[in-house]
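Structure record follows, encoded as structure tokens.
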Protein chains: 2
Amino acid sequence: MSNMGYPGHMELHEPDLRDVPVTAVLAALADDVRLQIVRTLAEGGEHACGTFEFGVSKATRSHHLKVLREAGVTRTRIAGTSRYVRLRREELDRLYPGLLDAVLAAPDRVA
Amino acid sequence: MSNMGYPGHMELHEPDLRDVPVTAVLAALADDVRLQIVRTLAEGGEHACGTFEFGVSKATRSHHLKVLREAGVTRTRIAGTSRYVRLRREELDRLYPGLLDAVLAAPDRVA
DNA sequence: GAGGTTGTTCGACGGATGTCGAACATGGGT
DNA sequence: ACCCATGTTCGACATCCGTCGAACAACCTC
């Protein structure tokens, strides 16, 4: 009956970008699957996790999204059973000006 | 006596940058020791391998320089028993405009 | 509430990666 | 010729990383 804090939803770990070493951001981007995800997110707006179909299992997809989130690259909003992911573009651009643009502009060469 | 190709010096493997996937460049930069090396090289000019003193053994240092070279980040000139390394800055800037600048401008946070 | 949807977590496994010391290769000096 | 200086290469080792299926958790709908 009494107010018992929040319902289910454990907080997602989304670090302050200043606490993330550059090498961690670079490492997060240095993977084909994750780079595909970031390219998709760069189109703007939110994307449901399930919409990323890159030939990996959902467990692997979940793993990659976690890596991106914990590297400060993405932010996740929980809504029902779905999670909506978006790029932390402004923050990234402010802290690492030009980085994301340069990576996104790079040729795709993944076939 | 006849001309028998070149003397000792086996060719160093220095790939065409267009053959290197972005993820490989990012991976090469996503390491503290290697990033230190790149920062030093960014000061310009050539640096002898031995001048990199970052608390790792010479075997490890050699390994990191190889990773950077094979990712197309550096170029190496052999002179006697020494090797002189330099950044492939113009090429990198042409193919990935802004990438190197962004990474180098990032806060150092390695203590 | 039973069942379906969406996504995470938990081992497990194989392959890559960072690290080292020791051995090797090469070239310069005396 | 010998030795030393500079680097590379070779196992070896520990750790990390990407991948998966299976189990679990939360939520929505009927």
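Just so we're clear, the structure is a prediction, and the values are computed from it rather than from any experiment. Chain A is the first sequence line, chain B the second, and so forth, proteins listed ahead of strands; every chain is numbered from 1.
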Nearest-0.5 Å distance, CG of residue A:Leu87 to CD of residue A:Glu43: 10.5 Å
Over how many whole Å does the gap from B:Leu29 atom CG to C:dG18 atom P extend? 12 Å
Round to a whole Å and report the spacing from CG of A:Leu35 to C1' of D:dG18. 16 Å
Quick one: do B:Arg89 and B:Leu104 satisfy side chain to side chain contact (heavy atoms under 4.5 Å, CB included)? Show the steps, please. CA-CA 12 Å; B:Arg89 200 188 239 293; B:Leu104 291 172; 3.2 Å; yes
Measure from NZ on B:Lys58 to P on C:dC20 and round the result to the nearest Å. 13 Å
Please evaluate residues A:Arg88 and A:Glu14 with respect to the criterion salt bridge (Lys or Arg N to Asp or Glu O under 4.0 Å), reporting the C-alpha separation (whole Å), side-chain torsions for both, the decisive distance (0.1 Å), and the verdict. CA-CA 10 Å; A:Arg88 295 173 67 172; A:Glu14 292 178 348; 5.6 Å; no
Using the 3.5 Å cut-off, write out each protein N or O paired with an N or O of nucleotides 28-30 of chain D and the distance between them.
none

Can you tell me if the side-chain N/O atoms of A:His64 get under 4.0 Å from OP1 or OP2 in D:dT19? yes
What are the two closest heavy atoms between A:Phe52 and A:Leu65, and how far apart are they? CE1-CD2, 4.2 Å
Quick one: on DNA chain D, does A:Val56 or B:Gly50 contact a more 5' nucleotide (nearest heavy atom)? B:Gly50
Nearest-angstrom distance from the residue atom CD1 of B:Ile78 to P of D:dT8: 9 Å
Taking the side chain of B:Ala59 as heavy atoms from C-beta outward, which of D:dG7, D:dT9, D:dG18 is closest to it? D:dT9
Measure the CG-CZ distance between A:Asp32 and A:Phe54 for me, rounded to the nearest 0.5 Å. 11.0 Å
Determine: side-chain N/O of B:Ser57 to OP1/OP2 of C:dC20, distance under 4.0 Å, yes or no. yes
Interatomic distance, B:Lys66 NZ vs D:dT6 C1' [rounded to whole Å]: 17 Å
At what distance, to the nearest 0.5 angstrom, does OG of B:Ser82 lie from NE2 of B:His47? 14.0 Å
Which part of the nucleic acid, if any, lies within contact of A:His63, taking any heavy atom under 4.0 Å across all strands shown: a base, the sugar-phosphate backbone alone, or nothing? base
Between CD of B:Glu53 and P of D:dT6 the distance, given in whole Å, is 10 Å
From NE2 (A:His64) to CG (A:Asp31), nearest 0.5 Å: 4.5 Å
Does B:Arg61 have a side-chain nitrogen or oxygen under 4.0 Å from the phosphate oxygens OP1 or OP2 of D:dT8? no
Give the rounded distance in Å between these two atoms: CZ of B:Arg83 and P of D:dA5. 19 Å
Write down the distance between NE2 (A:His47) and C1' (C:dT6), rounded to a whole number of angstrom. 18 Å
Under 4.0 angstrom, heavy atoms only, what part of the nucleic acid is A:Ser82 near: base, sugar-phosphate, or nothing? sugar-phosphate
Would one find a side-chain N or O of B:Arg34 under 4.0 angstrom from OP1 or OP2 of C:dG18? yes
